[in-house]
Amino acid sequence: MSIRVRFAPSPTGDLHVGGARTALFNWLMARKSGGTFILRVEDTDGARNTAEAAAGIIKGMRWLGLDWDEGPEAGGDCGPYFQSQRKDIYDAYFKKLEDVGRTYAEADGAMRFKFSRTAITVHDLVCGDVTFAPTEEPDMTIRRPDGSYIFHFVNVVDDIEMRMTHVIRGEDHLSNTWKHIDLFNAFGATPPTYVHIPLILNPDGTKMSKRDEGSAIEHSYMNAGFLPAAVFNYLCMLGWTPKSESEKLSREELTALFDADAIHSSNAKFDLKKALWFNAQYLRELSPADLLQHARPFLTAKGLIWTDDTLAAAAVHSVREKVSLLTELPEWVHYFFREDYPFEADVVTKLKAKPENAGLLKAAAEHLAQSTEWTEQSVHDAVEAAAKALSVKPGAMMPLLRFALSGQSRGPGVTTIAHLIGKEKTLARIQRALSEVLGA
RNA sequence: GACCCCUUCGUCUAGCGGUUAGGACACAUCCCUUUCACGGAUGCGACACGAGUUCGAUUCUCGUAGGGGUCGCCA
């Protein structure tokens with residue numbers, strides 16, 4: 001039998017790392033086995049669910065590359081995939097329960113499910129067999145007075161209707177799973193295999209919630225300059241260790257290595273530093289064109305404009321090893337795109353510190369002006385010749401040129417900057433530094 | 001209060017009776033270097049505690065402590 005798994009979020013807010021990783025593991029399970037991944041929106045709580053939240057969750061999943069085979073925008077044989085549109089199905093199932101005498105009404109019209117009150121064992125791939133003694137809890141409400149149904153009921157009905165073979169979800173559901181199995185049994189259906197995955201905690205060990213750092217996919221990752229591949233990879237490492245030499249693994253490798261049995265049973269704390277490290281790894285192996293593609297919205301958001309994509313790509317590529325987030329790119333490359341870049345305060349101080357700096361810059365400009373070709377090597381040679389003429393080391397001249405060409409004290413190689421912006425701008429920038437900063 | 005899950009360096013983890021307890025992130029130092037980084041090297045650093053089983057426990061069992069979760073007409 002082909003594996004069928006689902007991610008069943010309730011659209012009460014943004015997609016969160018916990019939910020994203022649950023979706024991720026479900027996706028991996030399906031893709032690994034050639035099975036089916038279903039997205040089902042559990043919007044039975046009319047008061048708290050919003051269409052915006054549902055759209056946000058879909059947006060986040062698309063960004064992470066978690067495509068679904070059945071669900072909103074994808075269709076499928078088991079639809080509709082919004083629980084708010086499945087009332088007829090729930091009514092029919094509720095009738096089945098009534099027919100076997102497992103329901104009864106409260107005074108206000110709410111309907112409860114009569115528990116079997118027998119010992120129930122959950123077979124879980126992560127937690128093993130977990131047996132719950134006959135319950136002493138009150139029977140659970142499954143239908144509200146207004147006729148709408150409660151989570152436990154619709155969740156089970158849909159898992160039956162959609163023929164789920166495995167239920168991969170957060171460990172916070174484990175304690176309620178016996179209720180679900182009780183329902184499966186009442187319907188005469190076979191429960192799926194459960195996989196309760198550990199929770200993701202804040203660095204201080206508390207449960208991660210909406211407001212916490214690194215929690216919301218769109219806010220903390222998409223808009224913060226993460227690459228989806230990096231987030232995908234990092235999230236996988238929280239609660240699962242692939243049998244592999246490296247931790248840095250592609251989507252394809254993770255899919256091939258995925259093994260639900262190997263998922264851990266202990267919770268993991270979120271580590272932003274490590275997430276950043278993963279992102280830096282992915283960032284630096286992007287081609288110039290791909291890097292620019294990802295960086296584009298972050299550059300334009302800072303008002304940087306350009307006409308030559310090749311040049312812009314080379315610019316961002318030249319600093320790819322210096323950043324761990326796309327949002328850091330603009331401050332590292334802005335001077336490639338404009339001539340009115342500011343001179344940082346410490347740069348001004350350093351330039352003014354020694355009176356001979358003006359002479360050094362002028363000499364560099366003169367030698368550079370004589371260059372007939374304009375490559376990184378020719379720039380380097382010209383600077384070296386200028387240094388030699390004044391009996392100083394090239395190392396004394398390079399920082400000054402960096403200040404003049406970028407206004408900053410850090411960045412890619414000076415020769416790289418000069419080469420990319422061209423001879424004309426290089427000479428003009430040196431002149432500007434001489435006149436504006438040194439008054440020469 | 002009851003029930004469920006969990007417990008190895010600061011963090012993510014390897015380990016599945018005998019290991020100098022390994023790796024990654026972070027941190028520190030050094031090397032490389034025109035800056036910042038990258039990279040390389042080294043260092044720092046853990047089996048929660050107590051019983052038991054065993055020739056021998058990080059590993060198996062029980063207990064304690066600690067952490068997390070659940071017990072809704074939320075999902």
Side-chain angles (χ1 to χ4, degrees), chain A residues 8-13 19 41-45 47-49 83 106 108-112 122 124 126-128 130-133 135-138 140-155 169-179 196 198-201 203-207 234 236-248 264-278 280-281 284 318-324 332 347 350 380 383-384 387 393-403 406 408-417:
Chain A
S10 177
T12 57
V41 181
E42 307 218 325
D43 55 348
T44 56
D45 184 354
R48 304 200 321 164
N49 299 139
Q83 290 187 327
E106 287 292 310
D108 64 1
M111 299 298 296
R112 287 185 187 264
V122 178
D124 191 289
V126 169
C127 303
V130 182
T131 299
F132 293 83
T135 188
E136 292 175 16
E137 284 180 29
M140 70 173 164
T141 303
I142 55 175
R143 197 178 76 181
R144 302 184 182 94
D146 67 3
S148 65
Y149 294 90
I150 302 299
F151 162 71
H152 300 294
F153 179 82
V154 294
N155 190 267
R169 63 191 0 174
E171 196 227 76
D172 50 339
H173 288 288
L174 181 58
S175 296
N176 281 326
T177 301
W178 65 267
K179 298 175 185 173
H196 285 96
L199 269 24
I200 298 176
L201 272 26
D204 67 1
T206 56
K207 190 182 182 183
Y234 175 64
C236 281
M237 308 315 288
L238 248 30
W240 173 49
T241 308
K243 289 277 182 287
S244 161
E245 292 285 309
S246 174
E247 288 186 76
K248 183 174 169 297
H264 309 154
S265 46
S266 57
N267 295 341
K269 289 172 185 164
F270 178 79
D271 184 0
L272 181 62
K273 287 260 181 64
K274 190 147 190 176
L276 290 171
W277 177 80
F278 270 106
Q281 297 295 311
R284 75 176 63 133
S318 73
V319 298
R320 69 191 181 286
E321 289 178 342
K322 304 175 188 304
V323 302
S324 50
W332 283 89
V347 166
K350 284 174 185 169
H380 183 270
V383 174
E384 197 167 51
K393 292 177 183 173
M397 201 164 263
M398 289 296 188
L400 304 180
L401 281 169
R402 172 186 306 289
F403 297 158
S406 72
Q408 302 188 162
S409 56
R410 47 163 64 174
V414 172
T415 53
T416 301
I417 300 174

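Residue numbering restarts at 1 for every chain, and letters A, B, ... go by the order of the sequence lines. These numbers come from a predicted model, not from an experiment. Just so you know, these numbers use all the heavy atoms, side chains as well, and skip hydrogens, waters and symmetry mates.
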For B:C4, glycosidic torsion class - syn if within 90° of 0, otherwise anti | anti

Residue set satisfying side-chain hydrogen bond (donor to acceptor under 3.5 Å, both in side chains) with A:Thr241, at least two apart, ordered chain then number -> A:His264

Go along nucleotides 31-42 of chain B 5' to 3' and tag each nucleotide: B for a protein heavy atom under 4.0 Å from its base, S when only backbone or sugar atoms are that close, - otherwise.
-> ---BBBBSS---

Would you indicate which nucleotide in [options] comes nearest to any side-chain atom of [X]?
X	options	answer
A:Leu174	B:C71, B:C74, B:C4	B:C4
A:Ser265	B:A26, B:C6, B:C73	B:C6
A:Ile150	B:G23, B:C74, B:U13	B:C74

Report which part of the nucleic acid [X] touches: base, sugar-phosphate, or nothing (heavy-atom distance under 4.0 Å, all strands).
X	value
A:Lys179	sugar-phosphate
A:Thr44	sugar-phosphate
A:Ser10	sugar-phosphate
A:Phe278	nothing
A:Lys207	sugar-phosphate
A:Asn49	nothing
A:His196	nothing

According to the Watson-Crick and G-U wobble definitions, with both distances under 3.5 Å, which nucleotide is paired to B:A65?
-> B:U7

Whom does B:G56 pair with, Watson-Crick or G-U wobble, provided both distances fall under 3.5 Å?
-> none

In whole angstroms, how far is the [atom2] atom of [N] from the [atom1] atom of [X]?
X	N	atom1	atom2	value
A:Phe270	B:G67	CZ	P	23 Å
A:His152	B:A75	NE2	C1'	8 Å
A:Arg112	B:G72	CZ	P	9 Å

Using a cut-off of strictly less than 4.0 Å, decide whether A:His264 has a side-chain nitrogen or oxygen near OP1 or OP2 of B:U13.
-> yes

Using modelled atom types only, decide if a donor and an acceptor are shared between the side chain of A:Tyr234 and the backbone of A:Asp271 within a distance under 3.5 Å.
-> yes

Can you label the angle between the A:Trp178 ring and the A:Phe132 ring as parallel, tilted or perpendicular, going by 30° and 60°?
-> tilted

Shortest non-hydrogen pair, A:Pro412 vs A:Ile417, comes out as CG-CG1, 3.8 Å

Mapping A:Asp172 and A:Glu245 to their closest nucleotides on RNA chain B, which lands nearer the 5' end?
-> A:Glu245

